[in-house]
Every structure is written in structure tokens, then in C-alpha cells.
Amino acid sequence: MSPAPRLVVLLLAARIAASQTFTDAGKDFRVIFPENIAYYYPSDAHNKIWVTALHDDTSVTMSSASSETKLNAGHTKSFDVTQELGRLTINDSNDFDPFTVFSISDKTVHITSTKDIVIQAVSSRGRSVQSALVIPTTKLSNKYFIPPVPETEGTTSGGAPVVNVTERAPFRLIIVNPDEPKASVTIKGRDEIPISIESGKAAQIWVDNGNTTQYVEANKRVAVYFSHPCAVQHQCTCGLLHAMVPPAKNDTMKFPIPPVLGKPASILLSDEANGRWINSSSLIVESAGTAIVYWPSLLLTLVPVEEFGSCFVVQFIEGKENILIIVVHKDHKQGIHIGNDPLGGAGWQELEGTDYVSTNRSISSTTVVWHSSANMTVYHMAQNNNTWFGNPAPVVSANPDFRGCILTPEVTMILHEAESWQESIQSCQKQSLNLISLSSEALQKHTCQNLRGNDAKQVWIGTRRSSLTGDWYWLNSNGFNDTNWARSEPGDVSEGQCAVMSLEGDCGWKDRNCCEAARPLCYAAPQVLQIN
Ligand SMILES: *[C@@H]1O[C@H](CO)[C@@H](O)[C@H](O)[C@H]1NC(C)=O
Ligand SMILES: *[C@@H]1O[C@H](CO)[C@@H](O)[C@H](O)[C@H]1NC(C)=O
Ligand SMILES: *[C@@H]1O[C@H](CO)[C@@H](O)[C@H](O)[C@H]1NC(C)=O
Ligand SMILES: *[C@@H]1O[C@H](CO)[C@@H](O)[C@H](O)[C@H]1NC(C)=O
Ligand SMILES: *[C@@H]1O[C@H](CO)[C@@H](O)[C@H](O)[C@H]1NC(C)=O
Ligand SMILES: *[C@@H]1O[C@H](CO)[C@@H](O)[C@H](O)[C@H]1NC(C)=O
Ligand SMILES: *[C@@H]1O[C@H](CO)[C@@H](O)[C@H](O)[C@H]1NC(C)=O
Ligand SMILES: *[C@@H]1O[C@H](CO)[C@@H](O)[C@H](O)[C@H]1NC(C)=O
């Protein structure tokens, strides 16, 4: 036995693992709607969870429903969980104590699926609408930096934090324990507040404008949201503010700020040492923690350059004006696609003083946004009665590819043993791969570039010609139109009915006798997400 088979399997596993560590896709999520657990609006909340499946035959189960829902790749379904979460019950007896209304809530929804999905939670209550990207349980962390509280009219400053929530409360943290066991959580800062949270429950804690609260640390993975049940907007109205706090990180990262978010932009910065609220006139901020844009009606978690991705799912929110904001390095404006359509060139704005540019597009249905050769970031914003809300779009991949939104990467492998063309087909199949069919010019160029410097000089490729007609065919039955024959190739049928590819220069092809020996070039195409 040659050592090749094991190598192939390992490589495939490693590549799939690498491509999946950096996404918002997963199989287990715990969703909370903050306005459902805080008392403010007398009207009922309307809560929806939008699920997009990335693979065929995905079964999705909500903790409420007894049945599971089947979805295929690229399909989106919204689950209305309003009934399950129910009405907020307010104890309006005379000795109503605003500070004891709710401290711990069990109004969470648990979502599980058999294959990877991405999720967005959209809630509306009264005139207020908010959306949140929900990250899977496995991507949560046990440490979060707490954003500083912006000083806005109407956010009463509540002294020391309390594990109690009231009407018109100031900003608060919601800490969710997604699963077993019980979580021991400590809010650290000038004071230390210990909380114990059962599985599937959420604790709510006020945060104040001092530096009493700096970070959340837990003995297991938890989710942390920063929100306000009714922050003042314009004309004496108020609305929900809500953002998922990203896990704490130690590296200093660069956060570009899309110019449509305004300048100077109000940014809530927090790291190991402190939390600061700044009006940034620069369109890039650095932080070894988190950065959140603040508007009176919007909290938008910024994505650092170091965490850019190449493919995003944007789940269209019905009845609203939906836009995408794309931020990318100025050298990588080319190659961006919305669904199957290349992004037109117009409307780029420079982020002055940085190497980044930004643009926006309106969309009218759920779509996939991808880059063919670089990483970028995409924010999804929607407008409700002249007020914007939004969140970073879920990342599906950080593996740019000219073929689209890559779920599992391609596998290209030159086997070690030189053998006949027929034997090569079988050797590739033993690895669950195929002798490569190079039917498009893009794939020819990509493969040539990929294999440059390999020690093999010539490899079998998956084409053969008819001895009757002399016509060439690809093994995968694609049309034989784009060709890359080397000079004065191919010769006539008698010179050979199979073909090898050179790994030097432009990777030209030559006809060869099928019984000669060469190393097989095996291949598996990447799995690409399509949303139609
Ligand atoms: C409402 O508050 C009263 C007095 O504090 C208490 O006796 C009663 O059990 C509460 N009702 C509910 C539904 O919590
Ligand atoms: C919640 O409020 C009640 C009444 O004001 C108080 O006794 C209790 O200690 C508070 N809980 C916490 C964790 O602060
Ligand atoms: C935090 O609060 C303490 C005590 O009030 C103060 O001495 C310290 O300077 C504050 N730190 C920051 C970063 O504001
Ligand atoms: C960041 O670094 C500090 C000091 O080196 C360490 O105590 C802390 O655990 C680190 N935090 C994270 C999230 O890695
Ligand atoms: C930022 O600008 C706003 C509006 O001009 C102002 O109200 C606020 O105090 C400023 N914040 C800081 C931290 O400078
Ligand atoms: C979209 O970009 C254009 C500039 O190309 C800008 O004028 C417009 O305000 C942006 N739209 C939104 C909703 O930000
Ligand atoms: C895109 O981002 C991922 C994850 O950070 C990284 O591994 C990859 O090399 C990046 N690709 C490009 C072309 O920058
Ligand atoms: C939009 O907001 C204004 C106040 O800013 C309010 O008077 C109006 O009723 C709102 N419209 C809807 C459809 O909510």
C-alpha cells in the first residue's frame, strides 16, 4: 500500500476544519429576544427566527415545536416564536417594585439542526424593530468586554449594577447560558458581581457609565448581549437597542467604519483595561477588544479586518428597505458578487486615511454575497420608519474562490504512483475523487497556479478521444470547448487517445498513449452555496 490514501484523507479533513472555524454557521443555537424579558411596551412583541440551510436535507428543530422542519441548501424559513415566548406577565399589584420585576428569565428558544445553518433573530414591538446575528453555541466564549454606556438623554444612570430590570431602565447586559451545566458568571470591574445561571436561562444586569463593569467572565461558554429596552430616538420616541457582544480577544485589531454610518462616528470601545466612548473622526479605529457603532437608534458591532470573510448570507427582512454595506480593501473592489451577479463598479466611497473602501446596495430577497479572491465584510441594514437597524451579516466562509460561496473547499491531489490512464481513474475513485476534468479556462488557470512547483512534471487528466471521430471528451461530460493544448498538440489519433497536462509554464496538454504511465491528477469540486 502506498502512503497516499491516508495523506489524502487527512488533507481533506484539515481543509474542511480550517474552512469552518471562521464562520457563523452551526448546528446548535440559543436565541433570546430582549424585549420579551423586559417590561416596556404595552403592546405585544412579534418574534421571528430566520433560518437558512447551507446543505440539502437539513432538519431544523425549535425547542417549542414537536416536529422538525426539513430544508434544502440555500432555503430560508422564518419561524414565528411569538406564541412560544408568550406575553410578558407584569405583576401590577400595588406594592409593585420596579427593581424586582425580572432578573432571571427562561424565555429562550433552543434551535438544533442536523447540518450547518445560519440564523438571524428579528423582533418587533410597537414601532421598534431590531435584528441580531445569532452565533452558534460552539463559537461562544467565556470572556466578553462590556461596552461603555453612551450618555444619552433618557438613559438613567443606575449607580451600582443590579441583577434587576425595570421599565425605562438604562443599558443592560443579558447573559445567556446556552446549555448544561449551570454557569458561574462574574461581572468584573471595580466591583465583582457573581451570578449563577441555569442552562437555557438568561440573567439581566444593568450597566452604568462608570467603570464598575469591565468584563464578563464565566466558567463555561455563555452569550452576552448589550441592549436597551427603550433608548431615546427622535421626537420623543424610543426604541429597542440590541447588539451581540463579540467574544473578548487580546490582539489589537483594526476596525474600519463604513462612512454611511456617519462622521464623526460614535464608537463604544472596550478592552482589557477600560471602556471608552469616542467620537471618531478617523474611519478606522484600533482596539484589543470590541468596537460598536452607536447611533441613537442603532448599535452595530464592527467587524475587524482580521475577521473579514469571503461569503455571507443576507436574510431579507420583509416589508422593510434592506441594504448591504460592503467594506473591502481598495485593491479588491473587483470580484464581489451578489448572488450570481457581479457587483457593478459604481458608488465606492473611500474610507479617508485608510486602505479601505465601502459601498451599499439595496436588495429585494435573501441572497448570498461573495468575493472571488479576497476577504471583505458585509453589514445588513434595514430601515423601519426612517430608523435604521442592522447587524453584521453571518459569515459562511473565509475561503475566497472564483466559483462562488465555498462551503467545503476543492481537493486537488497528485497520486504518487505512475500508472495507466484507466488505472488512474480507479485510483482517484478509491479516494472518493475523480480524475480531473478541466472544462473551463478559469479552472485550468486556477489548477495550474495551484500546482506550480510540484515535483511531478506531467499528470493524467480526465480527457480521452474517440478513435472513430477523433473528438475529445471530458470524463464529467462537460463540453470540450475551452482547451489548453501545448504548441502543435494534439497530434492525430495514432499519437495517443488520452492526454497529460504539463505542470510547467502554462500547463499545456499533450496527447499520450493511454497505456503509458503517468501520475493521476485527482480532484473533487468545492461545494458552493447557491440561493435563488
Ligand atoms: C404579585 O405580587 C404580589 C405581592 O408582591 C404577590 O403576592 C403575587 O404572588 C404576585 N403575583 C405574581 C403572578 O407574581
Ligand atoms: C433585586 O431587587 C430586590 C428589591 O429591590 C433586592 O432585594 C435584590 O437584592 C435585587 N437583586 C439583586 C441581585 O440585586
Ligand atoms: C475607574 O474607577 C476608579 C475608581 O473610581 C478610578 O480610580 C480609575 O481611574 C477609573 N479608571 C478608568 C479607566 O476610568
Ligand atoms: C489576554 O491576556 C491576559 C494577560 O496576558 C490574560 O490574562 C487573558 O486571559 C487573555 N484573554 C484572552 C481572552 O485571551
Ligand atoms: C460625541 O458627539 C456628540 C454630538 O456632538 C456629543 O453629544 C457627545 O458628547 C460626544 N461624545 C464624546 C465622548 O465626545
Ligand atoms: C448608499 O451610498 C450612496 C453613495 O454611493 C449614498 O449617497 C447613500 O446615502 C447610501 N445609502 C445609505 C442608505 O446609506
Ligand atoms: C481570508 O480570511 C481567512 C481567515 O482569516 C484566511 O485564512 C485567508 O487566508 C484569507 N484569504 C485571503 C485571500 O485573504
Ligand atoms: C413613524 O414615526 C413617526 C414619529 O417619528 C410616527 O408619528 C409615525 O406614526 C410612525 N409611523 C409608523 C408607521 O410607525
Side-chain angles (χ1 to χ4, degrees), residues 11 14-25 129 131 135 139 246-247 249-263 265 283 293 295 297-298 300 302-312 314 316-317 320-338 343-352 355-364 369-410 446 449-450 526:
L11 238 149
R15 287 202 212 182
I16 291 173
S19 72
Q20 286 179 346
T21 50
F22 203 77
T23 78
D24 297 314
V129 183
S131 62
I135 64 173
K139 308 278 162 69
K249 299 186 191 73
N250 261 345
D251 304 326
T252 300
M253 295 185 292
K254 289 199 215 85
F255 299 81
I257 305 163
V260 292
L261 294 177
K263 190 179 160 187
L283 287 175
V293 169
W295 274 357
S297 58
L298 172 72
L300 183 68
L302 291 176
V303 178
V305 170
E306 292 76 3
E307 295 182 0
F308 277 16
S310 61
C311 170
F312 304 79
V314 183
F316 182 75
I317 300 171
K320 315 278 175 221
E321 184 192 345
N322 284 236
I323 65 160
L324 304 172
I325 300 176
I326 299 171
V327 180
V328 68
H329 192 280
K330 63 176 163 44
D331 296 343
H332 300 304
K333 284 186 279 196
Q334 301 296 325
I336 300 172
H337 296 73
I338 299 182
L343 183 77
W348 286 103
Q349 277 182 286
E350 271 180 48
L351 274 64
E352 277 164 54
D355 288 337
Y356 294 86
V357 290
S358 168
T359 190
N360 68 61
R361 288 293 184 279
S362 58
I363 54 159
S364 52
V369 184
W370 56 279
H371 202 302
S372 62
S373 59
N375 288 325
M376 61 180 172
T377 196
V378 175
Y379 298 97
H380 176 201
M381 311 283 292
Q383 199 178 36
N384 178 51
N385 197 12
N386 286 323
T387 305
W388 289 101
F389 61 95
N391 48 262
V395 180
V396 172
S397 142
N399 192 351
D401 194 291
F402 67 93
R403 284 155 288 199
C405 175
I406 298 298
L407 296 171
T408 54
E410 70 176 357
H446 169 81
Q449 215 157 30
N450 233 0

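Read the numbers this way: they start at 1 and go in the same order the structure lists the ligands and their atoms.
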Checklist entry - Is the closest side-chain heavy-atom distance between Glu410 and Arg403 below 4.5 Å? => result yes
Next on the checklist: Under a 4.0 angstrom heavy-atom cut-off, which atoms of ligand 6 come close to Trp388?
Outcome noted: 13 (C)
Checklist entry - In Å and rounded to the nearest 0.5 Å, what is the NZ to NE2 distance from Lys333 to His371? => result 11.0 Å
Checklist entry - Is there a side-chain contact between Lys330 and Trp348, using heavy atoms and a 4.5 Å cut-off? => result no
Checklist entry - Does Trp348 have a non-hydrogen atom less than 4.0 Å from ligand 6? => result no
Next on the checklist: Between Met381 and Asn360, is the side chain to side chain contact (heavy atoms under 4.5 Å, CB included) condition met? List the steps.
Outcome noted: CA-CA 10 Å; Met381 311 283 292; Asn360 68 61; over 6 Å; no
Next on the checklist: Could you walk me through whether Tyr379 and Val303 satisfy the side chain to side chain contact (heavy atoms under 4.5 Å, CB included) test, starting with their C-alpha distance in whole Å, then the side-chain angles of each, then the deciding distance to 0.1 Å, before giving a yes or no?
Outcome noted: CA-CA 9 Å; Tyr379 298 97; Val303 178; 3.8 Å; yes
Checklist entry - Which atom pair, heavy atoms only, marks the closest approach of Gly347 to Thr359? => result O-OG1, 3.2 Å
Item to check | Atoms in ligand 6 with a heavy atom of Gly347 nearer than 4.0 Å | outcome: 5 (O)
Show me the short polar-atom pairs for ligand 7: any N or O of it lying under 3.5 Å from a protein N or O, with distances only.
unit_1	atom_1	unit_2	atom_2	d
ligand 7	2 (O)	Asn375	ND2	2.2
ligand 7	11 (N)	Asn375	ND2	3.1
ligand 7	14 (O)	Asn375	ND2	3.4

Item to check | Parallel, tilted or perpendicular: ring planes of Tyr356 versus Phe308, cut at 30 and 60 degrees | outcome: perpendicular
Checklist outcome for this item: Asn360 heavy atoms within 4.0 Å reach ligand 6 at atoms 1 (C), 2 (O), 3 (C), 8 (C), 10 (C), 11 (N), 12 (C), 14 (O)
Next on the checklist: Just verifying a value: how many Å separate Ile338 CD1 and Ile326 CD1, rounded to the nearest 0.5 Å?
Outcome noted: 5.0 Å
Item to check | ligand 6-proximal atoms of Thr359, by part, heavy-atom distance under 4.0 Å | outcome: neither
